[in-house]
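Chain A is the first sequence line, chain B the second, and so forth, proteins listed ahead of strands; every chain is numbered from 1. The model shown is predicted, which means the values in this text are computed figures rather than measured ones.
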Amino acid sequence: MKPDLSIEIAGIKLRNPVMLASGTARYGEEISHHCDLNQIGAIIVKGIALKPTPGNPPPRICETPSGMLNAIGLPNIGVDAFIKEKLPFLRQFDTRVLVNIFGSTVEEYGEVAGRLEGVDGVDGLEVNISCPNVKEGGIAFGTDIGITRRVVQTVRRATTLPVIIKLSPNVTDIASFAKVCEEEGADGLSVINTLLGMSIDPKTWRPRLANITGGLSGPAIRPVAIRMVWQVHNAVRIPVIGMGGIVTTEDAVEFFLAGASAVAIGTANFINPKVSLEISEGLERYLESRGLKNITELIGAVKTA
Amino acid sequence: MKPDLSIEIAGIKLRNPVMLASGTARYGEEISHHCDLNQIGAIIVKGIALKPTPGNPPPRICETPSGMLNAIGLPNIGVDAFIKEKLPFLRQFDTRVLVNIFGSTVEEYGEVAGRLEGVDGVDGLEVNISCPNVKEGGIAFGTDIGITRRVVQTVRRATTLPVIIKLSPNVTDIASFAKVCEEEGADGLSVINTLLGMSIDPKTWRPRLANITGGLSGPAIRPVAIRMVWQVHNAVRIPVIGMGGIVTTEDAVEFFLAGASAVAIGTANFINPKVSLEISEGLERYLESRGLKNITELIGAVKTA
Amino acid sequence: MKAKIISNSCVKGPCYKLLLKPLNPVKSVPGQFLMIRPGASDGPSDPLLPRPFSIHRATTDDHIEVLYKRVGKGTAILASLSAEGELEILGPLGNGFVFDGVAAAKEVVVVAGGIGVAPMLGLVETLRAGYPEKEIRVFLGGRGEVDLLCVEELKAVSTEVILATNDGTMGFKGYVTEALEKHLSQSLITHHSSLVTPIIYACGPSPMLQRISEITEPLRIESYFSLEANMACGIGLCMGCAIRSRDGKGYYLVCTDGPVFRGESVDLSGNPPQSPFNKGGD
Amino acid sequence: MKAKIISNSCVKGPCYKLLLKPLNPVKSVPGQFLMIRPGASDGPSDPLLPRPFSIHRATTDDHIEVLYKRVGKGTAILASLSAEGELEILGPLGNGFVFDGVAAAKEVVVVAGGIGVAPMLGLVETLRAGYPEKEIRVFLGGRGEVDLLCVEELKAVSTEVILATNDGTMGFKGYVTEALEKHLSQSLITHHSSLVTPIIYACGPSPMLQRISEITEPLRIESYFSLEANMACGIGLCMGCAIRSRDGKGYYLVCTDGPVFRGESVDLSGNPPQSPFNKGGD
Ligand SMILES: Cc1cc2nc3c(=O)[nH]c(=O)nc-3n(C[C@H](O)[C@H](O)[C@H](O)COP(=O)(O)OP(=O)(O)OC[C@H]3O[C@@H](n4cnc5c(N)ncnc54)[C@H](O)[C@@H]3O)c2cc1C
Ligand SMILES: Cc1cc2nc3c(=O)[nH]c(=O)nc-3n(C[C@H](O)[C@H](O)[C@H](O)COP(=O)(O)OP(=O)(O)OC[C@H]3O[C@@H](n4cnc5c(N)ncnc54)[C@H](O)[C@@H]3O)c2cc1C
Ligand SMILES: Cc1cc2nc3c(=O)[nH]c(=O)nc-3n(C[C@H](O)[C@H](O)[C@H](O)COP(=O)(O)O)c2cc1C
Ligand SMILES: Cc1cc2nc3c(=O)[nH]c(=O)nc-3n(C[C@H](O)[C@H](O)[C@H](O)COP(=O)(O)O)c2cc1C
Ligand code: FES
Ligand code: FES
């Protein structure tokens, strides 16, 4: 018998625990030409806000050692257009759809969440709190514990959908943020968003990104992500979606062992848009070769004693 | 005429702005067989505490994508043995010696600093606040702003030597830590220490380090280091020693442009123990080829507008 | 998709030609590109991302030629690969050149700067095959003689090849756009009619393309530029390859909306946009 | 230091032999090692660190042989390198084997597990040259026949080569330490004297070395182990290659205090130490 890769996370039943990370698969259409969406656990769509925004000027990305920086600037078509123009496409597939939402004020989070309530084809919300808080000085919501609490409260009140909060890694103590989210009724946590980074071109003396700083992703950050998944898993009881630098099956296994109940693939989609299928097949083989029956046997199973 | 690489930082005159980072050149002897200490700006010795400590059990290190994790555990021979047994060797060289110190309590920092006061051959102190605070729950001194302040006050009172505080990158807002250090009389800042990370072996399910977590260094962290040097440079007026993933001359230039007045080479010494000489020669050529006369012309010169 | 390396060798200076046989035949049009990962897909993670390269020529026997310049870590690895090896490729990607205006145009003008010639040889060959009688004038520019590639191949299929180098080591001394400007003004004088204009295809550094815009837009010449941008995915996933649209309202993605754009539709100035679009987020 | 790759080819299964000509001659003793960086020193940063490899043999004409097993990213890159290329090496490093007890020993016993044979061929050759009359008995173990390397070369310079495989595909079926134990107990019975004991040199996986300790320590047999540890620098800078000392008081560094250690001086158990040494710091 084949090992069982299915898992229920935050009340959402997944065929397998491999998701497409937000911002690395847009709204599904482009990647569907390369990767059968019927075979993945879930797609987390590119961040959606109340109103459309065009994003940052170029250059928006640059490569760094074993990683990349991006300052795409959260371009999005707005929640209404998303529901009307993008969701119908995704509804054709037998997969789960998590809508990644963000706002520039706490209230906006609530409004976006509210619009998605009861919409057919939306299985849950992933709340990106790593973007700047326009009203309160521009610091990221997710780096202030009080503001994080208010965002979770606001979204929680606005929806009955499963709410997954995506934590910022740019904090001193990620476990305390995780606990606040759990207290306020979050159903799960995504760990981690990108690390804030910067790169300068020694030829031109200019930042390599027009936005000056950007988010670091890819294998370079994996050790930080694993550490944070482990810390969060040890701090809360709600499930963790692990991400940050996963490229291979072994990388994904590392995240399960550290405490993730599912994983999301981000930057690796850019290298190989089929990689999430390959990883879910790889996980099946990994379990099989070790005589394990269920992916749950890996979760948090790191031997620290 | 050759460009001028010399610089004065925190009151210490350096031949050139390239230093050996703490913990990557021990107390100088081993690296001196490969790298002429007379030709480098300064050596920052491996962390020294009041009492000798043996360090962590193995495995202490592992490689990660474009980086490495270490949990050496700060083995050291104790400040008295350092002064008696190790400093005489270093005094033979025409270079600057910065002693990296740490403690398990705030008081211990003061004691170690006190013992080094007036000792011939010590040009300054670099204070490592990324180690666990044994008395106050084990969290790193450098991740709590109040404790950071007390460490700086204590060391400042204990010595007339130049005091450079080495900031932890594992914080939400590194600029606020930098400001506190400046307020309490620090003469300079080292930015950055290692990022807290973890790695698990998918074959054995064990952490790859006996200590479970460890410090991430190497090119992988360079974008984070550059961002933090830039933030700190914009927040304070005391000079910054930049470090984190420097391997080539161009990497070093990036740090100067971001705001560093000097750089330290860490992990790259393990790849090529001569690399700091090569980088200081490279900097000279870099300045020459652009018609620049002084390394100071690079400091903070990133064009962000 | 895997592609076998049939050959890979230096053609001139830092420039190499790579001949690939993809596992499955690839149907492409001139101006389309491939993403090529330097090194094995399960190999080291630095360099991490695949690199975009124009399809230089698609041969009749389903091989693909790539003409590339060794500039950084990825192309250094490419240059070190030997025949018989394999590469992971994705493509053909992007839109390719549009030929609608060719029939009506007075002549076809092709402008290439440096390695920007890569997509242009296939373009000229295709144009020549489709429009045997058309005048096709190729302007090839570089800093020096070493930057001028494919000169003989281009001569074989075009009416005229005009060379320009900044250091004067070959052809006209100066910018290729000066040679272009001279030609256009002469040809306008000769023909006295601005209703029948040439059509221009160009590929090269941004400043070259910008200058071409300045020259051609007042003359209402239809122009197509093949653009470059930092790319992570090449297939519209990352939104990293943005280029500002001229109307100031937003951005195109070079990988899926391009890489070929109408010259007047894009803003190549590199100046910050008027409205404060900036957001810190991903 | 740069070294030229003279040849690099598969010897058996996943194992390769690399012949290097260092820019400057390297004088070494058996048991010493090199740090070899896979790839160019200014190249990609993954893999990042140089890798430690024993000097398999130092030839009379100043060439160095390295016998290595392809296990991960670094050795995969090594295996892909072709002759005429160059590598960055550092060495010779470490202490090497000590021969003081050889003259007085009843016989020399060499135990190698798998790729642990790498430093042992040079050792046996050197011993044979220095002690032409000495009995040298080599125990070579592996999981299967494919793991047994250098058998013929070892036979040429030793008194006897005893092979052991877990799957019985060659020689004794079982652990090489069982074969060793059998030999030692027989030889003790035959000689009735425990004053003149053999001297043992061993290299291989930790469990093998631990088992050898258990066998030889009660018999007060002098033993030398060549150890492995994760290394970043190989020259005493990083303090990463610690191995616990048996007295429980601290650690040795494998790169500078070793890689060869007296068996009874090191703790190979992998158990956490008694006292709480752990510190979070670097
Ligand atoms: C649509 C398109 C077609 C192209 N066609 C060709 C071609 O046919 N021949 C050719 O030689 N080059 C072509 N280029 C440029 C080529 O992609 C870069 O030279 C190459 O990516 C450099 O990689 P590197 O690792 O050697 O350089 P590095 O500088 O080490 O690269 C670092 C990063 O910057 C990116 N980058 C660097 N230079 C460029 C550039 N000019 N454009 C886009 N990204 C860049 C790389 O992709 C990589 O992510 C094309 C670019 C685009 C966008
Ligand atoms: C003193 C010494 C001598 C050695 N001599 C030989 C030899 O002659 N032939 C040979 O095949 N191997 C030898 N080894 C082991 C060899 O260093 C590793 O097999 C090699 O580093 C693996 O690198 P990788 O990149 O292929 O594997 P990866 O698993 O990708 O390496 C990841 C990291 O782990 C380290 N590592 C992995 N395995 C080992 C190991 N067994 N010992 C130490 N570090 C390891 C690597 O150095 C690297 O830092 C020796 C090790 C030591 C310490
Ligand atoms: C180009 C790019 C765009 C991203 N956009 C978003 C986004 O819109 N919302 C979000 O929450 N995270 C976004 N992320 C973060 C990823 O979802 C993921 O958390 C992060 O990249 C770490 O995973 P990785 O290393 O596998 O890429 C983006 C990442 C990248 C690289
Ligand atoms: C093996 C190792 C040991 C270190 N030991 C110390 C130390 O004792 N004290 C300290 O302040 N920093 C220590 N560091 C941190 C480095 O000095 C440096 O801040 C960090 O590694 C980032 O620079 P790099 O990427 O160039 O290595 C150590 C780093 C490494 C890799
Ligand atoms: S390169 Fe990723 S969207 Fe264009
Ligand atoms: S490997 Fe660095 S000290 Fe031994």
Side-chain angles (χ1 to χ4, degrees), chain A residues 62 64-69 139-140 143-145 168-173 195-208 212-216 218-231 245 247-258 286 298 301-304, chain B residues 62 64-69 139-140 143-145 168-173 195-208 212-216 218-231 245 247-258 286 298 301-304:
Chain A
C62 74
T64 66
S66 297
M68 66 178 279
L69 284 171
I139 74 144
T143 58
D144 181 294
I145 204 140
S168 165
N170 302 302
V171 297
T172 309
D173 178 19
L195 290 173
L196 193 59
M198 175 174 172
S199 178
I200 303 169
D201 186 337
K203 288 207 194 76
T204 62
W205 296 18
R206 289 192 186 284
R208 284 205 168 88
I212 305 180
T213 61
L216 183 63
I221 69 168
R222 198 163 62 230
V224 175
I226 293 284
R227 183 260 294 182
M228 289 185 165
V229 166
W230 183 68
Q231 288 179 323
V247 177
T248 68
T249 299
E250 285 67 37
D251 301 341
V253 169
E254 244 192 285
F255 277 84
F256 288 109
L257 294 172
Y286 180 89
L298 296 182
V302 58
K303 298 179 187 163
T304 50
Chain B
C62 73
T64 66
S66 297
M68 66 177 280
L69 285 171
I139 74 142
T143 60
D144 181 294
I145 204 142
S168 167
N170 302 301
V171 298
T172 309
D173 178 18
L195 288 174
L196 194 58
M198 176 174 172
S199 178
I200 303 170
D201 187 338
K203 289 206 193 75
T204 62
W205 295 18
R206 289 190 185 286
R208 283 205 168 88
I212 305 179
T213 61
L216 183 64
I221 69 169
R222 197 164 62 228
V224 175
I226 292 286
R227 182 260 295 183
M228 289 185 164
V229 166
W230 183 68
Q231 288 179 323
V247 177
T248 67
T249 300
E250 284 68 36
D251 302 341
V253 169
E254 243 192 288
F255 276 84
F256 288 108
L257 294 173
Y286 179 89
L298 296 183
V302 59
K303 297 179 188 163
T304 51

Leading residue by heavy atom contact count with chain A [cutoff under 4.5 Å; candidates [options]]:
options	value
B/A220, B/P65, B/P207	B/P65
B/N170, B/D251, B/V253	B/N170
B/I212, B/T249, B/D173	B/I212

Which bit of B/L257 comes within less than 4.5 Å of chain A, counting heavy atoms only: side chain, backbone, both or neither?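 The answer is both parts of B/L257.
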
By number, which residues in residues 221-230 of chain B have some heavy atom less than 4.5 Å away from chain A?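 Expected list: B/R222, B/P223, B/V224, B/I226, B/R227, B/W230.
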
Closest approach of [X] and [Y], non-hydrogen atoms and distance?
X	Y	answer
A/R206	B/V302	C-CG2, 4.5 Å
A/E250	B/P202	CB-CG, 3.8 Å
B/R208	A/E254	NH1-OE1, 4.1 Å

Quick one: list whatever passes side-chain hydrogen bond (donor to acceptor under 3.5 Å, both in side chains) with [X], sequence neighbours left out.
X	answer
A/T172	B/T172
B/T64	none
B/T143	none

Less than 4.5 Å to any heavy atom of chain B: does that hold for the side chain of A/L195, its backbone, both, or neither?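 Contact with chain B involves the side chain of A/L195 alone.
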
A/F256 versus chain B, the contacting section by heavy-atom distance below 4.5 Å: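 Neither; nothing under 4.5 Å.
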
Heavy-atom pairs under 4.5 Å with chain B: which of A/I139, A/L69, A/V171 has the most?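 It is A/V171.
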
